[in-house]
Each structure stands twice: as C-alpha cells, then as structure tokens.
Amino acid sequence: MGDMERLTKKNSAGGYELLEGVAPETAVERLAGYENAHQFLLRELEKAEAKLESMRGQGKGRSVAFQQALAEKLYLGTLVERLEKPPKG
C-alpha cells in the first residue's frame with residue numbers, strides 16, 4: 001500500500017484547497033465515495049449491535065458466535081471512529 005493520490009493540500013490558513021489541475025467534479029466524486037463508505041459502515045455497525053442484543057436475549061452471550069459478533073462490532077466501531085476523527089495533518 002502506501003500513500004493515496006491526494007486531490008487537496010493544506011493551505012496557509014489551515015484549511016484545504018484543491019491541488020492545481022484537479023477538477024472540482026473529481027473532488028466531489030471522491031468525497032461521495034468516502035461518504036458512501038462511511039454510511040455503509042454506520043449501517044453495518046448498527047446491524048452488528050442489533051445482532052449482539054438479539055444473541056444476548058437468546059442467552060448466547062458466552063458463545064463463540066457472540067464473541068465473533070462482538071469482535072466485528074468493535075472492528076466496525078474503530079473504522080467509524082477513524083473516519084469521524086481523522087488524524088490532523
């Protein structure tokens with residue numbers, strides 16, 4: 001892996017601007033992709049939480065399947081958190 005191809009750069013005021021030669025439509029398409037991914041992860045996290053509640057209600061709180069579902073929920077939660085609070089820079 002490595003660095004992705006950026007469409008923006010940080011300006012002297014601390015905000016962001018498009019790199020020279022990048023069409024606004026290109027940036028909007030990229031943003032839409034990130035928004036779609038974020039929305040998908042939020043929905044998957046919601047499903048994972050509902051699955052855990054259902055399993056708890058069925059008395060399966062100590063099962064292997066419950067532990068796997070919990071791990072999935074924690075993983076999804078971490079991904080969502082990273083999207084919502086990206087590192088500075």
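All heavy atoms count here, side chains included; hydrogens, waters and symmetry mates do not. When a residue number appears, it is its place in the shown sequence, counting from 1.
For E5, the CD atom sits in a loose shell: 12 or fewer heavy atoms of surrounding residues, nucleotides or ligands are nearer than 6.0 Å. Within 6.0 Å of CD in E46 there are 12 or fewer heavy atoms belonging to other residues, nucleotides or ligands.
For the atom pair CG of L41 and CZ of R82, the computed distance is 12.0 Å after rounding to the nearest 0.5 Å. The distance from the OG atom of S54 to the CD atom of E49 is 13.5 Å, given to the nearest 0.5 Å. Going from atom CG of N36 over to atom CG of L31 covers 9.5 Å, rounded to the nearest 0.5 Å.
When all heavy atoms are compared, the tightest approach of K9 to L19 is CB-CD2, 3.6 Å. The shortest non-hydrogen separation linking V80 to H38 is CG1-NE2, 4.2 Å. Closest approach of L18 and A27 over heavy atoms only: CD2-CB, 3.4 Å.
The salt bridge (Lys or Arg N to Asp or Glu O under 4.0 Å) test applied to E20 returns no partner, not counting sequence neighbours. Applying the salt bridge (Lys or Arg N to Asp or Glu O under 4.0 Å) test to E44 and every residue at least two apart in sequence or in another chain returns K47.
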Taking distance alone, no hydrogens or angles, what donor-acceptor pairs closer than 3.5 Å link side-chain atoms of residues 66-78 to residues at least two apart or in another chain?
residue, atom, partner, partner atom, Å
T78, OG1, L74, O, 3.0

Candidate pair R6 and Y16, rule side chain to side chain contact (heavy atoms under 4.5 Å, CB included), full reasoning: CA-CA 11 Å; R6 290 199 60 103; Y16 289 90; 3.8 Å; yes

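Checked options L7, T8, V22; the residue passing with R30 is L7 (criterion: side-chain contact (heavy atoms from CB on, under 4.5 Å)).
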